Protein chains: 2
Amino acid sequence: MAARDGTVGKALDVLDRVAAYGRPVRFSELLAEGRYPKATLYRLLQVLTSQGLLSHDPDTGQYGLGMRLVRLAHAAWATASLAPVARPHVDALAARTGQVVHLAQLDGGQVLYVDKVSPRAGVEMFSASGRIGPAYCTGVGKAMLAFLPPREAEAVLAQQSFHAFTPATLDAAALGADLERIRAEGVAWDREEHEPGIVCVAAPILSRGGRVLGAVSVTSALGRDGLDGLAGHGEDVRRTARAIGEDAQAWRFPERAEMRIAERG
Amino acid sequence: MAARDGTVGKALDVLDRVAAYGRPVRFSELLAEGRYPKATLYRLLQVLTSQGLLSHDPDTGQYGLGMRLVRLAHAAWATASLAPVARPHVDALAARTGQVVHLAQLDGGQVLYVDKVSPRAGVEMFSASGRIGPAYCTGVGKAMLAFLPPREAEAVLAQQSFHAFTPATLDAAALGADLERIRAEGVAWDREEHEPGIVCVAAPILSRGGRVLGAVSVTSALGRDGLDGLAGHGEDVRRTARAIGEDAQAWRFPERAEMRIAERG
DNA sequence: CTTACGGTTCCATTTTACGAAACTTGGTTT
DNA sequence: AAACCAAGTTTCGTAAAATGGAACCGTAAG
């Protein structure tokens, strides 16, 4: 977390700290963390504010996150996330199953939701895109973990808290066994491991070369549909994930070997 | 355009440039812009990548925007934008008018859309939140410009391109007169100034102290509803904007009630 | 008037970033 | 195969910056 990347790293660290508060924050609160001396912190905040990554309310003297982040993130979401490519598939899956569908990617050992569609309310927005969740106890998280190359998987696993959200939450050992099963089966199940009464089935989205790009899941509340109802969707989720992977490949890397020859500049 | 804020400023400038491509970009493409020498650009990209603001695909050697931006923006949107507070009002307005409703804020002289609701499709997502538009020829933009303090208004106006998107687009002089009218009337009209066939009515969202927080608008396609149809919604939009402003005040500055009144002028 | 506190500015010192040039890598031409 | 070239990476002396302790300012309380 505290990667020392010179001045830029410090500035982004401060940005993260402000974000972590989840509310506007005063200079003195940040100073009280003791991370940076007064003058240094002051200048970092000045720069971040002047750059629009933070906003400063002169009346209250509080710093909040700046709207430039929203602008940048829109570009990030539109060009680098799976969401735009996956949208039609995700929509169709939600329609077929009549359940909430999530699209997620990995970001720093955590699950980052990049899209969410519920069959009733239609596409949900920003409030869902950008949310993060644990990797070790969600369907999408486990689906991605299972297909990570061993070295990376190890690194990500080392970052997990293994906090027991529910009685069904797996510990590190049980997770290992589950990941094995997921690799064999191609789909991951979350049986109330993160939230009581919530179950889901997820599948990893892989590139042609087998790299993990993300994951899709179908979520259901126990009782309405039950785990049995979801079981029938497993194959559908897997097919959808595969289709998204192929589209992503075509969209992001529009041909490889042959194109190179023609491409001169 | 880019203020020279030391190393951090440069890094963010590079980030913006990558974002501007709207696609993954090679080191050499950025280098060819001639903005930074090789080694400097290289190190800036290294830092941004290691920080997760950019992602680097080792296969293709291309840089794209990183998912950390999406995570940060979610926090920004949820804590610093008007969207969460305004959501119920915006929803209700869309339901009453049966038209598309936009919520926007100012960001660096441009209009930044932070939410959008269409009565049919329901809430739209990220693809709308984060999009930017011109301030001088959109309803929301003009509504905000009109109520900016003179000094700031001048600064923002100086940044406008006044490109004539349509025959109805106002020039600088006509805009000045329109802003006067908007201040008197409390609502702004966009009569096909930005897109042919698209009209809208907007109102500014003000804090109790009169500071511009954002704007709401109702948009319609000419022919279906016409400008006359929209005219009937003007008062509704204004009331909605006022309600949002009050909620925002209560939410962001819970205890500041009496201070603000004294602070007028 | 005095003290205390949050925030801002100064400036000598240290650290960091800079960038021309050298080098490495992988693919293409002679 | 050797020479070549372009893209990307590393080096290193120098130049520029960030740093942070201390002084300063404005406001609110004692």
Side-chain angles (χ1 to χ4, degrees), chain A residues 2-15 17-18 21 23-51 53-64 209 253 255-265, chain B residues 2-15 17-18 21 23-51 53-64 209 253 255-256 258-263 265:
Chain A
R4 273 273 81 67
D5 272 321
T7 314
V8 177
K10 284 179 205 167
L12 292 171
D13 179 46
V14 170
L15 186 62
R17 271 158 214 283
V18 173
Y21 277 85
R23 60 173 173 80
V25 61
R26 295 223 176 82
F27 177 83
S28 50
E29 297 184 81
L30 291 167
L31 183 62
E33 295 192 2
R35 204 86 176 64
Y36 305 100
K38 230 181 184 186
T40 302
L41 179 63
Y42 179 72
R43 260 175 299 100
L44 289 174
L45 289 170
Q46 290 263 97
V47 170
L48 288 169
T49 304
S50 122
Q51 289 290 330
L53 300 188
L54 290 179
S55 68
H56 179 57
D57 183 334
D59 298 339
T60 65
Q62 292 180 127
Y63 292 89
F253 319 109
E255 283 343 297
R256 288 196 132 162
E258 300 81 23
M259 273 294 274
R260 290 275 170 82
I261 300 165
E263 180 192 344
R264 293 270 296 175
Chain B
R4 277 274 78 71
D5 273 321
T7 314
V8 177
K10 284 178 206 168
L12 292 172
D13 179 46
V14 170
L15 187 62
R17 270 157 215 284
V18 173
Y21 276 85
R23 60 174 174 80
V25 61
R26 296 225 173 85
F27 176 84
S28 51
E29 296 184 82
L30 292 167
L31 183 62
E33 295 192 3
R35 207 84 176 64
Y36 305 100
K38 228 180 183 185
T40 302
L41 180 63
Y42 179 71
R43 260 176 298 100
L44 289 174
L45 289 171
Q46 291 263 97
V47 170
L48 288 169
T49 303
S50 122
Q51 289 291 331
L53 300 188
L54 290 179
S55 68
H56 181 238
D57 183 334
D59 300 338
T60 65
Q62 293 179 131
Y63 292 89
F253 319 108
E255 78 293 5
R256 289 269 159 176
E258 58 281 329
M259 259 202 66
R260 284 300 166 99
I261 298 166
E263 187 187 332

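So that the names make sense, note that chain A is the first sequence line, chain B the second, and so on, each numbered from 1. Just so it is clear, the model here is predicted, and its values are computed rather than measured. As a basis for the values below, the full set of heavy atoms in this structure was taken, side chains included, without hydrogen atoms, waters or symmetry mates.
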Got [X] and [Y] here, is their nearest side-chain heavy-atom distance under 4.5 Å?
{"X": "L45(A)", "Y": "L30(A)", "result": "yes"}
{"X": "K38(B)", "Y": "L41(B)", "result": "no"}
{"X": "S50(A)", "Y": "V47(A)", "result": "no"}

Check your understanding: Do D13(A) and Y36(A) get their side chains close enough for a donor-acceptor pair, meaning under 3.5 Å?
Key -> yes
Study note, to complete from the structure: Overall bend of the helix from dC1(C)-dG30(D) to dT30(C)-dA1(D) (five pairs an end, 10° steps) is 20°
Practice item. With the side chain of Y42(A) defined as its heavy atoms from C-beta on, choose the nearest nucleotide among dT19(D), dG7(C), dT9(C). Key: dT9(C)
Check your understanding: Looking at the side chain of A39(A), which of dC18(C), dA20(C), dC10(C) is the nearest nucleotide?
Key -> dC10(C)
Can you measure [X] atom [atom1] to [N] atom [atom2] for me and round it to whole angstrom units?
{"X": "R35(B)", "N": "dC18(C)", "atom1": "CZ", "atom2": "P", "answer": "13 Å"}
{"X": "L41(B)", "N": "dA17(C)", "atom1": "CG", "atom2": "C1'", "answer": "14 Å"}
{"X": "Y36(A)", "N": "dG21(D)", "atom1": "OH", "atom2": "P", "answer": "15 Å"}
{"X": "D5(A)", "N": "dT15(C)", "atom1": "CG", "atom2": "P", "answer": "19 Å"}
{"X": "L44(A)", "N": "dT19(D)", "atom1": "CG", "atom2": "C1'", "answer": "10 Å"}
{"X": "Q46(A)", "N": "dG7(C)", "atom1": "CD", "atom2": "C1'", "answer": "10 Å"}
{"X": "L45(A)", "N": "dT8(C)", "atom1": "CG", "atom2": "P", "answer": "9 Å"}
{"X": "Q62(B)", "N": "dA7(D)", "atom1": "CD", "atom2": "C1'", "answer": "13 Å"}

Revision key, fill the gap. Looking only at heavy atoms, the pair that brings V8(A) and A11(B) closest together is CG2-CB, 3.9 Å
Practice item. Begin from the C-alpha positions of R35(B) and R17(B) and carry the test side-chain contact (heavy atoms from CB on, under 4.5 Å) through to its verdict. Key: CA-CA 10 Å; R35(B) 207 84 176 64; R17(B) 270 157 215 284; 2.8 Å; yes
Drop me the distance from [X]'s [atom1] to [Y]'s [atom2], to the nearest 0.5 angstrom.
{"X": "D5(A)", "Y": "Q46(B)", "atom1": "CG", "atom2": "CD", "answer": "9.0 Å"}
{"X": "Q62(B)", "Y": "S55(B)", "atom1": "CD", "atom2": "OG", "answer": "10.0 Å"}
{"X": "L44(B)", "Y": "T7(B)", "atom1": "CG", "atom2": "OG1", "answer": "8.0 Å"}

Point to revise | Position toward the 5' end of DNA chain D (nearest nucleotide), S28(B) or R43(B) | key: S28(B)
Point to revise | Any donor-acceptor pair under 3.5 Å from E29(B) side chain to R26(B) backbone | key: yes
Review point. Per the atom types in the model, does the base of dG8(D) pair as donor or acceptor with the side chain of R26(B) at under 3.5 Å?
Key: no
Practice item. For T7(A), report the nucleic acid contact type (base, sugar-phosphate, nothing); a contact means any heavy atom under 4.0 Å. Key: sugar-phosphate
Practice item. Check whether any side-chain N or O of K38(B) sits under 4.0 Å from OP1 or OP2 of dT10(D), and answer yes or no. Key: no
Check your understanding: If you pin V8(A) and E29(A) to their nearest nucleotides in DNA chain C, which one's is more 5'?
Key -> E29(A)
Can you pull every protein N or O that's under 3.5 Å from an N or O on nucleotides 26-30 of chain D?
none

